[in-house]
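Please read the structure below before turning to the comments.
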Amino acid sequence: MSNIVTALFLGAGYNAALVGIGASLLGFAAGAAGTFLFLRKRALVSDAVAHATLPGVGLAFMLMVFLGGDGRNLVGLLAGSMLTAWIGLLLVEWMARRTRLAEDAAIGAVLSVFFGAGIVLLTIIQNMSQGRQAGLESFLLGSTAGMLFQDAVVIAIGGTLAVLATYVLRRPMTMVAFDAEYAAASGMNVRRIDLTMMGLVMAVTVIGLKLVGLILIVAMLIIPAVTARFWTERSDRVIWSAGIIGAVSGYVGAAISASVPAMPTGPIIVLVCAGLFLFSLFFAPSRGVAAAIIRHYRFQKRVHWRQGLLSVSRGEPIHDPMTLRVLRKEGLLRADGVATEAGRARAAKIARDERRWDIAREVHQDAGLTGRYDGLTPIEDVFTQDEIDEFDRIIGGPVSVQGQGAA
Amino acid sequence: MITPKATPSGNVELAFDQKRPAETAQKIERSPLAVRGLTVSYGQKPAVFSVDATFEPEAMTAIIGPNGAGKSTLLKASLGVIPRLSGDVTVFGQPIELAREKIAYVPQRASVDWDFPTTVIDVVLMGLYRSVGLLGRIKGVHRARALDCLERVGMADFSSRQIGQLSGGQQQRVFLARALAQEAELYLLDEPFAGVDAATERAIINVLKGLKERRKAVVAVHHDLATVQAYFDHVFLINVRKIAEGPVADAFTADSLHATYGGRLATAHIDQLNIADSGV
C-alpha cells in the first residue's frame, strides 16, 4: 500500500513519474474528446479506428527496417498507425453512407479485417531476420516497460493538442451531436465536423497506443464520458468532467501498476476508470440507480398515502399491506385499521382537495395549471389561497374541517 | 392537347404560355424560398419528384399532403439537410448557399434526443451561432437575446431547465425560440403542431402571426386540415409531385384535396372543412 502512496506522489522513480504524467494527460484528452463520440452515439466507431491502427504499425516497422533503421521509432510507428486508422475510418463512413450496410455492420467488417491484416503483418515481422522486432505486440495492450523520455514527450504534446482542439471545436461538435439536421440547415458541414471529431478520436487513439494499447483505448474514450454524464446535465460540464475522470484514472492506474510488480498499466487504468463508473452508476445524485430506487419508493409511498386516505374518507376498508404500513407509520391509522383523529382530518382534506381539483379543471379549462393535477401535488402549490377560497365557494356546503386545511 | 405522360407538368405550363417565364422569374426573385425541379430519391423510388415551389413572401404557407408524400423531404432537401438528386433552390433569387442566414429551420421535435445534456437557454443560443461565430465567446448580449426569444414563446421561466424535463409542447416552443434567435426572413417549420397541447398550439400560432406582421414569411408542414383556413394564407399541396399551390381560397379546394389524398380522405371529411366549392 505504501508503495502506491509513494507512486501517487511521483516518488516511485523517474520512469514511473513519466508514465503517471503521460497517462493522466492521455486520460484527460481521451475523456474530453471521447465525450463527443458518446454524445453523437457513435462510440463504437472508435473501436474500428483503434483496431485499424495495427496494420499501420506493422507497415511502418517494415518500411523503417527497409530504409535501414531499427524500426522502433515511436513517431514513425504512430504515423503509420494513423494512416491505416484514417483509411479504416473513411471506409466505415463510406460503407454507412453509400451502401445499404448499417454503421454497426461496417464497423464490424472494418474492425476485424484491419485487425486480421495487422496480426498477419506482425507474424511476418516476427520471422524477419532484420530489425529488433521485440515489443511490437505491446501495442495491443500497451506497455510502459522501457518507456523513453521522448515517448512521454510525444504523449504529452499530442494529448495537449487534442485537448486544445476539443476546446476550440466544442461548440460545433455539440451542435452536430444534439441536432445534426438543424446544424446542416444552418449551413454547417456536418460531415466535415463528424470527420474532425473522428480525427480527434483517432489522434487520441494513436497517442494512447503505447500506454493503453489499441484494444482498451475505447474504454478510455467512452467510460469517462458515460461516468461524467451521471453527474451533470450540461454538455460542457460533461466534457471537462470526463477529462478529469480520465486524468484521475490514468494517474491512479499508472501509480498502481508502478508500485505492484508485473502489473500491466493499460488494463489497470481501465479498471480504475470502470470503478469510478460503477460508483457513479449507483450513487450519482439524480441519475444514479440508488437515487432512482429512492425516488420510486417515495413516489409509491405518496400514491399509497393518498389512496389510503381516500379510502378512509369514503369509509372503505383498506387491505393493501403497503397502504396500511404507510398510514400506520404516520399515525393516521391505528394498529387495528381504524383511522385516528389525525387520519380522519387528513382524509377529509384529501377528499375536499379532490373536489377542489374538479372545480379547478372546470374554471381553468385551458390553463397549464390544471395540467399539474396528478393527485399528489398539493393544491396549495398550484393555486393561491384566494383561488382555493373561490373553489370552496363554488363547492359550497359545510366546510367541516376548517383549520385543518393549512396543515 | 397535352399528353401528360410524355412531359412533366412544369414544362407543359411554360411551353404553352409564353408570358409565364418572365412572370415566374419575377416571382422567384421575390420569393424567400423558390425550388425548381426538385427531385429527391431514396434508392430508385422518388420521394419528391420534379417539384417546383415558389413560396410567398410576407405570408404563411402550409405544406399539406398525406403521410409519405414528401412534405418534410421537400423542406429538408431544399435546405440541403438531405441530398438533392436534382433541383435549384434560391432565396430571394440568390442560391441558397449564399443566403442561409435568411432562413430559420425548426425540425421535427422527435428528430433529436431530448435526454441530451443541455439546458433550454443553451439550445436557443445555438440559434445565434452565426452572430457569435463558431469559435467566438457567448456574451451577455447573446444571452439577453436568447432570453428575449424564450419570452416570446412563453418559456423564459424555464431557461435553465434540462431539456428532458420539458413537456412535448414546451420542447416545441424551445425549438421555435431557437429559430427566432436567428432573426431570419423565412421560418421553415416541420410539423410544429404535432403532439403539442392546445395552449402551445395557440402560443406558436400567435408567434407565427406576429412574424407575418413583421413582414417575415412562414412555411410549415401541416397535417391538420381543419385548421388550415384559420392559420394560413397560402397552401402547397404535395403528393410526391406538386398538386396545387396558391392562396387558400384558390388552392385549398375539394378537387385539389382529392387529388392529393386520393381515396384516403373521405368526401364527408372534405365537406366538413367548409371550403369554397370549386364549381365542379
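Every chain is numbered from 1 and lettered A, B, ... according to where its sequence line falls, protein lines coming before strand lines.
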*asked:* Using heavy-atom distances under 4.5 Å, tell me whether A:Arg287 contacts chain B through its side chain, its backbone, both, or neither.
replied: side chain
_Within 45° cone of B:Phe175 ring axis and under 6.0 Å: B:Arg178 NZ or CZ_ = yes
*Salt-bridged, A:Arg234 to B:Asp122, with N to O below 4.0 Å?*
yes
_Under 4.5 Å from any heavy atom of chain A - which part of B:Ile163_ = side chain
*NZ/NE/NH1/NH2 to OD/OE distance under 4.0 Å, A:Arg356 and A:Glu387*: no
_What part of B:Asp197 gets within 4.5 angstrom of chain A, counting heavy atoms only: side chain, backbone, both, or neither?_
neither
*Top residue by heavy-atom pair count (under 4.5 Å) with chain A, among B:Asp113, B:Asp115, B:Leu75?*
B:Asp115
*asked:* For B:Val123, which atoms come within 4.5 Å of any heavy atom of chain A: side chain, backbone, both, or neither?
replied: side chain
*Greatest number of heavy atom pairs closer than 4.5 Å to chain A - which of B:Glu97, B:Arg100, B:Glu101*: B:Arg100
*Contact origin within B:Gln182 toward chain A - heavy atom pairs under 4.5 Å*: side chain
*Considering only NZ, NE, NH1 and NH2 on the basic side and carboxylate oxygens on the acidic side, decide whether A:Glu181 and B:Lys76 come within less than 4.0 Å.*
yes
*asked:* Please determine whether a side-chain nitrogen of the Lys or Arg among A:Glu233 and B:Arg161 lies less than 4.0 Å from a carboxylate oxygen of the Asp or Glu.
replied: no
_Contact origin within A:Ala177 toward chain B - heavy atom pairs under 4.5 Å_ = both
*Looking only at heavy atoms, which two atoms of A:Ala284 and A:Ala291 are closest? And how far apart?*
O-CB, 3.7 Å
